[in-house]
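Note sheet for the following structure.
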Amino acid sequence: MATTVETWWPEILAFLHAGITNAGSEGTDWVIKTIARDAYGFRTPGNQRSRTRCATTRRARGHLDAR
């Protein structure tokens, strides 16, 4: 564990000073890759792009009211 902390120490300090992480972008990347795996075999790349855009919108993730 000490080696890991030593390796990542600059990034740890950056988080402690700024309080910002890349967790949001990592989560979006995971969703896109999952959709791409599920969409494997679609005949048109446009269908895969449409599914990815739908899955990564704020409304689809439950952040906005569907009123």
Side-chain angles (χ1 to χ4, degrees):
M1 182 172 162
T3 303
T4 302
V5 170
E6 185 177 332
T7 301
W8 287 96
W9 190 246
E11 289 80 2
I12 293 169
L13 281 178
F15 167 72
L16 292 174
H17 289 297
I20 299 172
T21 69
N22 67 340
S25 61
E26 291 290 337
T28 301
D29 184 51
W30 179 80
V31 169
I32 290 170
K33 287 181 180 181
T34 301
I35 293 295
R37 281 192 296 271
D38 292 345
Y40 181 76
F42 276 135
R43 293 179 184 212
T44 59
N47 288 345
Q48 183 176 348
R49 280 192 299 273
S50 295
R51 288 181 61 146
T52 301
R53 286 184 183 136
C54 180
T56 56
T57 59
R58 292 178 66 83
R59 179 168 288 153
R61 291 180 282 148
H63 291 281
L64 299 175
D65 272 344
R67 293 184 219 182

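All values reported here derive from a predicted model rather than from experimental measurement.
Taking Leu13 as the reference, Trp9, His17 meet the side chain to side chain contact (heavy atoms under 4.5 Å, CB included) condition, with sequence neighbours excluded. Residues passing the side chain to side chain contact (heavy atoms under 4.5 Å, CB included) test with Ser50, sequence neighbours excluded: none.
Note on Ile20 and Ile12: separate hydrophobic clusters, where clusters join Ile, Leu, Val, Met, Phe, Trp and Tyr whose side-chain heavy atoms are under 4.5 Å apart, directly or indirectly.
The list of salt bridge (Lys or Arg N to Asp or Glu O under 4.0 Å) pairs with a residue in residues 7-30, not counting sequence neighbours, reads Asp29-Lys33.
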